Amino acid sequence: MDQWWALMIGNSRLHWATFTGDTLQTVHHTAHGTCPPAVKQLRYVASVVPQQSTWIQAHFPTAKPITLADIPLENLYPQLGIDRALAVLGAGQRYGFPCLVVDGGTALTFSAANGDRQWIGGAILPGLNLQFQSLTQHTAALPKVHLPTQLPPRWANDPAGAIASGITYTVLAGVKDFIRAWQGEFPQGQIFSTGGDGAWLAQQLPVLHYDPGLIFHGFAALRRNR
């Protein structure tokens, strides 16, 4: 059976996936400018980082770049990130439309499509880890804090605890608000999380169905439609 690779070039890392036919097999994450040694037949590449696209094309000249023109969804706007479009396509094709995707990556994004496979919009804010980093980098006295595995106490008595509380509880409140709005318009709609912090979000909000492979399901959908 046909075996092939797809690559999503993200803001922080490269995300590689192997397929057998249309079935996702493995996912690998590497730093920019590096690739797993076993990569063969890189068939598709999508990118939100133009400089990395140049590097990939130099090393894998036969890989097909995926653009918004390839995505079979209506109402896409020219500046939309290809990662968001692929994730919504993957969620809808695998689980059904309408769907809302909450991507916990470098940026925390909300992306939605209705039952007619029409893009209806979304939102972007700094991702969880980016928020933690920004306080460390742009203040004189606040400590470096990482995303806690469990929710911290809400009322903290030290700077690190206060940062953890402030970021996690306000982000979760915002995600809940978007989910409520989505459910008000699409009560039967599917809701997913993906990305590096997608599992953490789903742990805190069980209404989210976590699938780390949504973008790659989007690649598989494109292959089936060709």
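Not measured: the values here are computed from a predicted model. Just so it is clear, the values below take in all heavy atoms, side chains as well, and ignore hydrogens, waters and symmetry mates. Numbers here simply count residues along the sequence, with the first being 1.
The shortest distance between side-chain heavy atoms of W119 and I71 does not fall below 4.5 Å. Inter-residue side-chain proximity for Q183 and I191 is flagged as met; some heavy-atom pair is nearer than 4.5 Å. Residues D197 and L108 fail the side-chain proximity criterion, which asks for heavy atoms closer than 4.5 Å. In this structure, the side chains of P78 and L68 stay at 4.5 Å or more apart for every pair of heavy atoms. Side-chain contact between V102 and F178 is absent, with no heavy atoms from C-beta onward closer than 4.5 Å. In this structure, H15 and I215 have side chains that are not in contact, with every pair of non-hydrogen atoms separated by 4.5 Å or more.
Salt bridge present: R223 and D22 bring a charged side-chain N and a carboxylate O closer than 4.0 Å.
The aromatic rings of Y44 and W4 stand perpendicular to each other, their planes meeting at an angle above 60°, with 30° marking the opposite boundary. Between H209 and F192, the ring planes are perpendicular. Angles over 60° get that label, and only those under 30° would be called parallel. Between H59 and W55, the ring planes lie tilted relative to each other; the angle falls in the 30° to 60° range.
The minimum heavy-atom distance between L14 and G33, with the atom names listed, is CD1-N, 4.0 Å.
In this model, a donor atom of one side chain and an acceptor atom of the other lie less than 3.5 Å apart for H28 and T26. Judged purely by distance below 3.5 Å, without hydrogens or angles, the side chains of Q52 and R13 never pair a donor atom with an acceptor atom.
At a threshold of 4.5 Å between side-chain heavy atoms, the hydrophobic network of Ile, Leu, Val, Met, Phe, Trp and Tyr places V27 and W5 in one connected group.
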Kindly determine whether L89 and L222 satisfy side chain to side chain contact (heavy atoms under 4.5 Å, CB included), including the steps that lead there. CA-CA 9 Å; L89 175 64; L222 292 179; 3.9 Å; yes
